[in-house]
2 protein chains.
Amino acid sequence: MNINEIAKLANVSRATVSRYFNDGYVSAEKREQIRRVIEETGYKPSAQAQMLRTKKTKQIGVIIPKINSESISGMISGISKELKQAGFWLLLANTENQEREEVEYLKLFSENQVDGIILIGTIFTPAHKRALRALQVPVVVLGQKLEGYSCVYQDDYLAAKESARMMLKDAKHPAYLGVTKRDHATGEERFRGFLDVLEEKGIDWDNSFYEESAFSVEDGYEAMGRLWERHPEIDAVFGATDSVALGALGWLQEHQIRIPQQVAISGVGDTVSGRIVAPKLSSVHFFYQTSGQEAARLLLELMNGNPAGKEIKMGFRTEERGTTRQTAI
Amino acid sequence: MNINEIAKLANVSRATVSRYFNDGYVSAEKREQIRRVIEETGYKPSAQAQMLRTKKTKQIGVIIPKINSESISGMISGISKELKQAGFWLLLANTENQEREEVEYLKLFSENQVDGIILIGTIFTPAHKRALRALQVPVVVLGQKLEGYSCVYQDDYLAAKESARMMLKDAKHPAYLGVTKRDHATGEERFRGFLDVLEEKGIDWDNSFYEESAFSVEDGYEAMGRLWERHPEIDAVFGATDSVALGALGWLQEHQIRIPQQVAISGVGDTVSGRIVAPKLSSVHFFYQTSGQEAARLLLELMNGNPAGKEIKMGFRTEERGTTRQTAI
DNA sequence: TTGTAAGCGTTATCAC
DNA sequence: GTGATAACGCTTACAA
């Protein structure tokens, strides 16, 4: 069933049928004939033919590092909601934390397939920047700030400061659990926020209070163990993500350390798990789903010809809970 | 840059260029000429033109009820891994728990767009079945068993039995938290498993020990409160999912009820959160990611002409932890 | 307001 | 082995 057959059945030319679906420049009479035939046959124009002809696919490529995470899936949920409403499909590219794959997908998407791209990235290597510059379609960067590109990101620096303040209070020996490279937003920015709070409070930073931990509960648990071995005097722990903080919490509780009396802990991200443990994890809430929606909207604007470079920094909400002392002693 | 220009630059016909990419019926000499031109120009055939011509999109539609859930995102992760390897793209359709949308997307996908569909559904209404029958492309149902269709699903019945056995042990007044309708697998099947264990143990079931709870921690918490008001003699709680069980755990702990001494709890799904709380939640582990991979493989087989109807029931692993008594008293 | 005709960039058929 | 040539199903000038 194609446009020719519909045209024949409706006694019009195929151009008229096409117009029926597009500009709508059709007389009431023929409009009705066509409508009837379409209803009877259940005809739908071939998306592929339309794509070829119009050079528009109505598909948006979304590149993500990993799907099994509250933050990413929240963002995707927001993106999908917004795109659906605008009549776009979501083409998902999962890189499984392989940076090279991000570049690969950027190229693949650019050459074909999609009208726009949303990149939920972690770090921007020279290869990334080259691929981004070579892009033929609009792109929005989500979760990171990137000069010269439209982007939507969390206020990682300020959020980390707030989280650090909760944890710090009257503590003398704070520690940091996370990474400081390979991820600009959750790495460098959060660490910077943490350090600045220390400075505010006049606490000198000794780098042996930093312990590297990937962003999972297990890694946080292990890292806490290594940290404690070096510094059992620690009285506050900052987890760069809730997962890390929860891993640390687990380790400390298993070792009979009282939370928050002996050690205070705070995280970033406000995950479901953090609200389930006892005591509940002090954290900072990000609006992941909304940021996904914002990114999608930004992309739609871009595709409508708006200039690139608009930046949206999302707000956050501090959630002080049981793992930090409510009042300074 | 299209196939004609490449042909001209390489001094061959465009048919030869096409063959270069497809059947490969090209002499070594011309092959080399074409290769060079392609390398220089960075030419890639237009996916849209190929789709139109071959009637193959190399895209798979994946319909999901909701993305923010460990089970669904695990499945998608598995699907995406497998599809990528086979050179297929993943077109994501998020229904946000609107059953009607599932039917809508089935139609949309069928008419166009995709070479195959993976449906992660919850329930099958007559409308669903009509849409499935009308499908023009192969489909695999993931997470539910559906007669006559290729499907991959968890052994919800047996898993629920195992979970119920852990929780039950010497308990006299077990309760059930979950739903029994709107979701065949996580609703009916798990409830059936629960009831059968009760029968095994010779415990009569009184339906006032059932309390409806949607699958979230908050709902589990609320439901537990309602349940306890009716039956403070409860000594074991079965959560149809880990989230529900965790909500119940939270409520009970807040009310000074000792777990597992006074009340034992078990869940289904083995989420990250369940491993973080203290005591850790006894549960049953499902292989969500693997089931996604299996579904993708099944779909690839289907698209290769294999007959539909193959069913894959996934295994599971019992995880007895702190919320159930390790040994019967 | 409608129809004719060209063309989007491929692949498939069929001679050569 | 290779090259014309004809689709695939649609949109869009342009002419009427």
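Everything numeric in this text was worked out from a predicted model, so none of it was measured.
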**Request:** Apply side-chain contact (heavy atoms from CB on, under 4.5 Å) to B:Arg100 and B:Val103, showing your working.
**Result:** CA-CA 5 Å; B:Arg100 279 185 316 113; B:Val103 177; 5.8 Å; no

**Message:** With side-chain contact (heavy atoms from CB on, under 4.5 Å) as the criterion, how do B:Phe109 and B:Leu135 come out once you've worked through the C-alpha distance, each side chain's angles and the decisive distance to 0.1 Å?
**Reply:** CA-CA 9 Å; B:Phe109 276 146; B:Leu135 237 40; over 6 Å; no

**Request:** Take A:Glu39 and A:Arg35 through the test salt bridge (charged side-chain N to carboxylate O under 4.0 Å, His left out) and record every step on the way to the result.
**Result:** CA-CA 6 Å; A:Glu39 192 173 294; A:Arg35 198 200 52 70; 2.8 Å; yes

**Stepwise side-chain contact (heavy atoms from CB on, under 4.5 Å) check, A:Glu96 with A:Glu101** = CA-CA 8 Å; A:Glu96 316 222 13; A:Glu101 295 274 315; over 6 Å; no

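Between the side chains of B:Ser80 and B:Ser77, no donor-acceptor pair is found at a separation under 3.5 Å. In the model, B:Asp183 has a side-chain atom that pairs as donor or acceptor with a side-chain atom of B:Gln144 under 3.5 Å. For the 3.5 Å distance criterion, the side chains of B:Gln59 and A:Gln59 qualify, holding a donor opposite an acceptor.
Within the 3.5 Å criterion, the main-chain N or O of A:Gln113 finds a donor-acceptor partner in the side chain of A:Thr57. Between the side chain of A:Ser110 and the backbone N or O of A:Gln136 there is at least one donor-acceptor pair closer than 3.5 Å. A side-chain donor-acceptor contact under 3.5 Å links B:Asn2 to the backbone of B:Glu5. Judged purely by atom type and a 3.5 angstrom limit, A:Asp155 has no side-chain atom pairing as donor or acceptor with the backbone of A:Gly315.
Here the P atom of nucleotide D:dC10 and the CE atom of A:Met1 are 11 Å apart, to the nearest Å. Rounded to whole Å, atom P of D:dG3 lies 15 Å from atom OH of B:Tyr20.
Within residues 34-48 of chain A, the residues that have a heavy atom under 4.0 Å from DNA chain D are, in order of number, A:Tyr43, A:Pro45, A:Ser46. Across residues 8-17 of chain B, B:Val12, B:Ser13, B:Arg14, B:Ala15, B:Thr16 each have a non-hydrogen atom less than 4.0 Å from an atom of DNA chain D (numbered order). Proximity of residues 49-60 of chain A to DNA chain C (heavy atom under 4.0 angstrom from any strand atom) is restricted to A:Leu52, A:Arg53, A:Lys55.
Note that the two end axes of the helix from C:dT1-D:dA16 to C:dC16-D:dG1 enclose an angle of 30°, each drawn from 5 base pairs, rounded to 10 degrees.
The CD1 atom of A:Ile63 lies 10.0 Å from the CG atom of A:Leu91; values are rounded to the nearest 0.5 Å. A distance of 7.0 Å separates CD in B:Gln50 from OG in B:Ser46, rounded to the nearest 0.5 Å. B:Tyr153 contributes atom OH, which lies 11.0 Å from atom CG of B:Leu146 (distance to the nearest 0.5 angstrom). With rounding to the nearest 0.5 Å, the separation of SG in B:Cys151 from CD1 in B:Ile118 is 12.5 Å. Between atom OH of residue B:Tyr43 and atom CG of residue B:Leu9 there is a gap of 12.0 Å, rounded to the nearest 0.5 Å. Between the CG atom in B:Leu90 and the CD1 atom in B:Ile60 there is a gap of 8.5 Å [rounded to 0.5 Å].
Here the range on DNA chain C touched by chain A, meaning any atom under 4.0 Å from one of its heavy atoms, is C:dT1 to C:dG9.
Counting any heavy atom pair closer than 4.0 Å across all strands shown, A:Asn22 reaches sugar-phosphate atoms only and no base atom. Residue B:Ser18 is classed as a base contact, given a heavy-atom separation below 4.0 Å to a base.
The two residues B:Gln33 and B:Asn11 come nearest to each other via the heavy atoms OE1-CB, 4.2 Å.
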Write down the protein N/O and nucleotide N/O pairs, taken from nucleotides 14-16 of chain D, whose separation is under 3.5 Å; answer none if there are no such pairs.
none

